[in-house]
Amino acid sequence: MDNSDGRVILDALLQAALDAARPAGRFAGRLPDPPSGRTIVVGAGKAAASMAQAFEAEWPHSLEGLVVARYGHAAKTRSIEVVEASHPMPDAAGLRAAQRILELVRSARPNDLVVALISGGASSLLSVPAPGLTLDEKRVLTSQLLRSGAPISAMNEVRKALSAIKGGRLAAACRAKLVTYVISDVPGDDPTIVGSGPTVVAKSSRLVDVRAILDRYGINAPAHVAKVIAANVAPTSVDGETHVIATAKTALDAAALAARRLGIEPLILGDAIEGEAREVGVVMAGIARSVLSCGTPAKRPCVILSGGETTVTMRGQGRGGRNTEFLLSLAMSLDGAEGVSAIAVDTDGIDGSEDNAGAWFDPTFVSSAGDSEVDLAAHLARNDAYEAFAKMNRLVMTGPTLTNVNDFRAILVQ
């Protein structure tokens, strides 16, 4: 293999990861018995529409329902209505859809079956505010959280406390048998965190101090928010069964298998890596250099795979995205190391709030940027990795993938 193979190989590994993370075929062997009454399907998230489509393909009985997905993430269904709404900032369409979902669940009788399809993005799409809170106030808090650098687990604890539907509250409204299917986009694959857990609650009785989270990340919440949080008591337990049907590990394992078939040894660092994107980039550059210099922790040719969710603390006004920021930091740290190419994407097809899934580079990237007078350090300093990769024609554009198992990173050392 030579350096010209790098992009082709990286694209093949990404495609294998995405195919494995999609919901088609993942309900087989996990279906509940049909009820004597109605089957009601509800759901939310970036993969909600494709999950509804896949569930319909496996369910041989009548059903009805409603799911809400991000704009542009719809899929064709027969009986389940698909509504699109805004993400990551909630909007009126998401509010109306969430209210209808809550009403549907409340309408279920004991002889009915409620199926919940939850994936990443549900936190913003199920946007029914807690009593005493307005949608605009939730939007302001969400905007501050997204720019704070808070991890997804902390963000979702705040979202639960401000919601009438998350944190098991949707399940608490259900009198029927409840079965939840989850595509996980969070490190650790805890279903109480995915989409802020509308149908599941944590087994631990630990009380989360949401005000402390807001203070820790400098979130300027109005004084009355504390009263809303205190009054919005969450259920401590709910009935139902939960199946996690796709995860970051699912995607990484598929990419590793594809790499082996190409004669490349995979090294999976983990599926739950968190931290500042630019700092993770520096660490992984060190691992790649170790492979180059002494053949540890893997021998060439190899691909270093990882998943999870990094974060970006916004210091500038650039068009960022955690995967592009990670990749720019990685490229600068490697400084054109011979034989190293890399790709980093968000598996939903949207890196942050931009139109790209992520970006890629090969060994010529840094020198070519210099020749083109693209100041990579300045772009990184202002959280403007998007523009750096756009100028160098290195953005990865997949469009909506209709799944979401968070970040996929592959560093190819040839």
Side-chain angles (χ1 to χ4, degrees), residues 6-7 10 14 146-152 187 248 267-293 297 303-347 350-354 356-396 406-413:
R7 178 68 195 274
L10 292 170
L14 172 60
L146 289 169
R147 298 180 64 86
S148 71
I152 188 65
L267 173 64
I268 299 179
L269 297 183
D271 62 353
I273 292 176
E274 298 179 277
E276 278 287 328
R278 62 180 65 192
E279 295 172 5
V280 175
V282 172
V283 170
M284 291 196 181
I287 297 172
R289 285 192 179 278
S290 179
V291 171
L292 281 170
S293 62
V303 62
I304 303 166
L305 300 169
S306 64
E309 181 175 19
T310 61
T311 54
V312 173
T313 301
M314 294 295 292
R315 300 173 178 86
Q317 298 300 314
R319 298 174 67 184
R322 61 180 181 266
N323 286 287
T324 48
E325 181 148 322
F326 157 80
L327 205 68
L328 183 55
S329 173
L330 175 70
M332 292 173 61
S333 298
L334 287 168
D335 194 24
E338 185 64 28
V340 182
S341 305
I343 194 168
V345 303
D346 192 326
T347 54
I350 306 294
D351 189 26
S353 58
E354 296 298 335
N356 65 315
W360 72 282
F361 70 76
D362 60 15
T364 69
F365 174 72
V366 173
S367 61
S368 297
D371 293 341
S372 301
E373 298 184 348
V374 177
D375 189 337
L376 299 181
H379 279 281
L380 183 61
R382 61 176 180 264
N383 303 114
D384 200 19
Y386 179 102
E387 289 296 341
F389 285 107
K391 290 175 180 177
M392 300 304 299
N393 195 29
R394 297 295 204 283
L395 292 175
V396 174
N406 237 316
D407 300 342
F408 174 82
R409 298 176 288 266
I411 305 170
L412 178 64
V413 187

Undergrad: Return the set of residues passing salt bridge (Lys or Arg N to Asp or Glu O under 4.0 Å) with Asp351 (not counting sequence neighbours), or none when no residue passes.
TA: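 Here no residue qualifies.
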
Undergrad: Give a yes or no on whether the backbone of Phe326 and the side-chain of Ser329 come within a donor-acceptor separation of less than 3.5 Å.
TA: no

Undergrad: Can you tell me how far CG of Leu328 sits from CG of Asp384, rounded to the nearest 0.5 angstrom?
TA: 9.5 Å

Undergrad: What are the two closest non-hydrogen atoms of Ala377 and Met332, and how far apart are they?
TA: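 Looks like CA-CE, 3.6 Å.
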
Undergrad: Which residues pass the ring pair (Phe, Tyr, Trp, His ring centres under 6.0 Å) test with Phe408, sequence neighbours left out?
TA: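 For Phe408, no residue satisfies ring pair (Phe, Tyr, Trp, His ring centres under 6.0 Å) once neighbours in sequence are set aside.
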
Undergrad: So, using salt bridge (Lys or Arg N to Asp or Glu O under 4.0 Å) as the criterion, who are the partners of Glu354 when residues are at least two apart?
TA: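 For Glu354, the residues satisfying salt bridge (Lys or Arg N to Asp or Glu O under 4.0 Å) (neighbours in sequence not counted) are Arg319.
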
Undergrad: If you take all heavy atoms of Pro151 and Thr311, which pair is closest and at what distance?
TA: CA-CG2, 4.0 Å

Undergrad: Which heavy atom in Pro363 sits nearest to a heavy atom in Gly339, and how many Å separate them?
TA: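 What the structure gives for the nearest pair is CG-N, 3.6 Å.
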
Undergrad: Which atom pairs, one a donor and one an acceptor, fall under 3.5 Å between side chains of residues 275-282 and the rest of the protein, sequence neighbours left out?
TA:
unit_1: Glu276; atom_1: OE1; unit_2: Thr313; atom_2: N; d: 3.4
unit_1: Glu276; atom_1: OE2; unit_2: Thr313; atom_2: N; d: 3.3
unit_1: Glu276; atom_1: OE2; unit_2: Thr313; atom_2: OG1; d: 2.4
unit_1: Arg278; atom_1: NE; unit_2: Glu325; atom_2: OE2; d: 3.0
unit_1: Arg278; atom_1: NH2; unit_2: Glu325; atom_2: OE2; d: 3.1
unit_1: Arg278; atom_1: NH2; unit_2: Leu380; atom_2: O; d: 2.8

Undergrad: Any side-chain heavy-atom pair from Arg394 and Leu327 closer than 4.5 angstrom?
TA: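 The answer is no; the side chains never approach within 4.5 Å.
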
Undergrad: Taking only residues two or more places apart in sequence or in another chain, which ones pass side-chain hydrogen bond (donor to acceptor under 3.5 Å, both in side chains) with Ser306?
TA: Arg409

Undergrad: Say whether, by atom type as modelled, one donor and one acceptor occur between the side chain of Asp271 and the main chain of Gly307 under 3.5 angstrom.
TA: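 Such a contact is absent between Asp271 side chain and Gly307 backbone.
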
Undergrad: Please enumerate all residues that pass side-chain contact (heavy atoms from CB on, under 4.5 Å) together with Ser293, with sequence neighbours excluded.
TA: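 Not a single residue meets the side-chain contact (heavy atoms from CB on, under 4.5 Å) criterion with Ser293.
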
Undergrad: Is it the case that Asn323 and Asp346 place a side-chain donor and acceptor less than 3.5 Å from each other?
TA: no

Undergrad: Which atom names give the shortest non-hydrogen contact between Ala337 and Leu292, and what distance separates them?
TA: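 Shortest heavy-atom separation between Ala337 and Leu292 comes out as CB-CD1, 3.8 Å.
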
Undergrad: Would you please name every residue forming a side-chain hydrogen bond (donor to acceptor under 3.5 Å, both in side chains) with Asn406, sequence neighbours left out?
TA: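 Expected list: Glu309, Arg322.
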
Undergrad: Do side-chain atoms of His379 reach the backbone of Ala385 as a donor and acceptor pair under 3.5 angstrom?
TA: no

Undergrad: Can you list every pair that meets salt bridge (charged side-chain N to carboxylate O under 4.0 Å, His left out) and has a residue in residues 363-376, with sequence neighbours left out?
TA: none

Undergrad: From Leu395 CG over to Asn356 CG, what is the distance, rounded to the nearest 0.5 angstrom?
TA: 5.0 Å

Undergrad: Run the salt bridge (Lys or Arg N to Asp or Glu O under 4.0 Å) test against Arg289 and tell me which residues pass, sequence neighbours left out.
TA: none

Undergrad: How would you list, by chain and number, every residue that makes a side-chain contact (heavy atoms from CB on, under 4.5 Å) with Ala288, sequence neighbours excluded?
TA: Ile304, Leu334, Ile411, Val413

Undergrad: Suppose we screen for ring pair (Phe, Tyr, Trp, His ring centres under 6.0 Å). Which residues come up paired with Phe361, at least two apart in sequence or across chains?
TA: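 Applying ring pair (Phe, Tyr, Trp, His ring centres under 6.0 Å) to Phe361 gives none.
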
Undergrad: Identify the two heavy atoms, one from Thr324 and one from Ala359, that lie closest to each other, and give their separation to 0.1 Å.
TA: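 Looking at all heavy atoms of both residues, the closest pair is CG2-CB, 3.9 Å.
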
Undergrad: Do you know which two heavy atoms are closest between Leu330 and Ala342, and how far apart they sit?
TA: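 Residues Leu330 and Ala342, closest heavy atoms: CD2-CB, 3.8 Å.
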
Undergrad: Ser290: what forms a side-chain hydrogen bond (donor to acceptor under 3.5 Å, both in side chains) with it, not counting sequence neighbours?
TA: Thr296

Undergrad: Please walk me through it: do Phe365 and Phe389 pass side chain to side chain contact (heavy atoms under 4.5 Å, CB included)?
TA: CA-CA 9 Å; Phe365 174 72; Phe389 285 107; 3.5 Å; yes

